[in-house]
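Since the structure comes first, as C-alpha cells, the remarks are kept for the end.
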Amino acid sequence: QVHLVDSGGELAQAGGSLRLSCSGSGPTFDHYAMAWFRQAPGKEREFVSTITYNGRGTYYADSVKGRFTISRDNLKRMVYLQMNGLKPEDTAVYYCAARYAPDRSDYFTGPFDYTYWGQGTRVTVSS
C-alpha cells in the first residue's frame, strides 16, 4: 500500500514555471508506476504524464509534451512534475497516482489504471 501527498501547486503567471511534488510512503514505492493527472473545473480528470517504476520510461500527454517533465527519486520516495511554459489552460487540480507495476515498461494513462491517489494540489495560471 502507498500513501501519497501532493504539494507545490500555487498561482503562477503564464509562461512561468512550477514544480509539483508527490511524497509516497511504504517500503515498495519503487515497485509502483507513478503518474500525474489533472482536473479542471467542470471537466473530466485527464492524464498528464507517467513514469515507470524504475524511472527509465516516461510518457506525456500531447498537451504538455515539451513543457512538462516527470521524474522520480525512489530513495526519497518522491515524484516530481516540472512544469515550464505554463498556460492558462494548465489551470487545474493536479493529482499524483500510483499503480503496482514492478518490471513493467509499458505506460498506463487511464485514471482507472491507478489504485492510489494523492489529495490534489491546485495550480492556477493567470494570463
Side-chain angles (χ1 to χ4, degrees):
Q1 190 168 355
V2 175
H3 179 65
L4 304 174
V5 178
D6 309 321
S7 63
E10 61 181 69
L11 176 64
Q13 297 284 330
S17 298
L18 285 176
R19 189 176 83 154
L20 305 184
S21 298
C22 174
S23 174
S25 65
T28 58
F29 180 80
D30 59 352
H31 289 185
Y32 287 78
M34 301 296 296
W36 288 95
F37 286 78
R38 66 186 182 186
Q39 188 164 17
K43 294 190 175 181
E44 301 275 323
R45 190 167 297 192
E46 67 169 351
F47 168 78
V48 175
S49 181
T50 186
I51 188 167
T52 55
Y53 72 103
N54 58 8
R56 292 176 184 169
T58 58
Y59 184 76
Y60 298 90
D62 288 343
S63 58
V64 306
K65 199 174 297 182
R67 299 189 297 124
F68 291 9
T69 303
I70 191 171
S71 62
R72 68 188 297 163
D73 184 333
N74 282 341
L75 291 178
K76 295 182 179 178
R77 297 193 182 108
M78 296 291 295
V79 177
Y80 306 100
L81 185 69
Q82 178 66 43
M83 305 189 296
N84 299 328
L86 285 165
K87 304 176 180 180
E89 51 264 43
D90 294 322
T91 295
V93 178
Y94 285 70
Y95 300 88
C96 74
R99 172 196 169 102
Y100 187 72
D103 299 322
R104 296 285 296 269
S105 59
D106 48 338
Y107 302 118
F108 307 97
T109 61
F112 294 105
D113 292 330
Y114 292 86
T115 308
Y116 303 103
W117 293 84
Q119 83 288 358
T121 185
R122 185 176 300 276
V123 172
T124 304
V125 182
S126 66
S127 55

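- Closest approach of Tyr107 and Thr52 over heavy atoms only: CE2-CG2, 3.8 Å.
- Taking the side chain to side chain contact (heavy atoms under 4.5 Å, CB included) definition, one finds that Ala101 meets it with Ala33, Arg99, Arg104, Phe108, sequence neighbours left out.
- Put simply, the side chain of Arg38 does not reach to within 4.5 Å of the side chain of Val123, judged on heavy atoms.
- Salt bridge status for Lys87 with Asp90: absent, with no side-chain N to carboxylate O gap under 4.0 Å.
- Under the side chain to side chain contact (heavy atoms under 4.5 Å, CB included) test applied with Leu81, the options Ile70, Val64, Thr121 reduce to a single match, Ile70.
- In this structure, OG in Ser127 is found 12.5 Å from CG in Leu86, a value given to the nearest 0.5 Å.
- Contact of the Ser71 side chain with the Gln82 side chain is not registered, since no non-hydrogen atoms from C-beta on lie closer than 4.5 Å.
- Taking CG of Asn74 as the start and CG of Asn54 as the end, the distance is 8.0 Å to the nearest 0.5 Å.
- The side-chain heavy atoms of Gln119 and Asp6, taken from C-beta on, include a pair separated by under 4.5 Å.
- For Arg122, there are no salt bridge (charged side-chain N to carboxylate O under 4.0 Å, His left out) partners, not counting sequence neighbours.
- A distance of 14.0 Å separates CZ of Phe68 from OG1 of Thr58, quoted to the nearest 0.5 Å.
- Between Trp36 and Val79 the shortest side-chain heavy-atom distance falls below 4.5 Å.
- Within the cation-pi definition used here (under 6.0 Å to the ring centroid, within 45° of the axis), Arg72 qualifies as a partner of Phe29.
- When atom types are taken as modelled, the side chain of Ser49 and the backbone of Tyr60 share no donor-acceptor pair closer than 3.5 angstrom.
- Considering all non-hydrogen atoms of both residues, Val2 and Leu4 come closest at CG1-CD2, 3.2 Å.
- Rounding to the nearest 0.5 angstrom, the gap separating the CE atom in Met34 from the CE atom in Met78 is 10.0 Å.
- Considering CG of Leu18 and CE of Met83, their distance stands at 4.5 Å, rounded to 0.5 Å.
- Judged by the 6.0 Å distance and 45° axis criteria, Arg19 is positioned over the aromatic ring of Tyr80.
- One hydrophobic cluster, built from ILVMFWY side chains closer than 4.5 Å, holds both Leu20 and Ile51.
- The stretch residues 22-33 participates, sequence neighbours left out, in no side-chain hydrogen bond (donor to acceptor under 3.5 Å, both in side chains) pair at all.
- The heavy-atom pair separating Gly85 from Ser17 by the smallest distance is N-OG, 4.5 Å.
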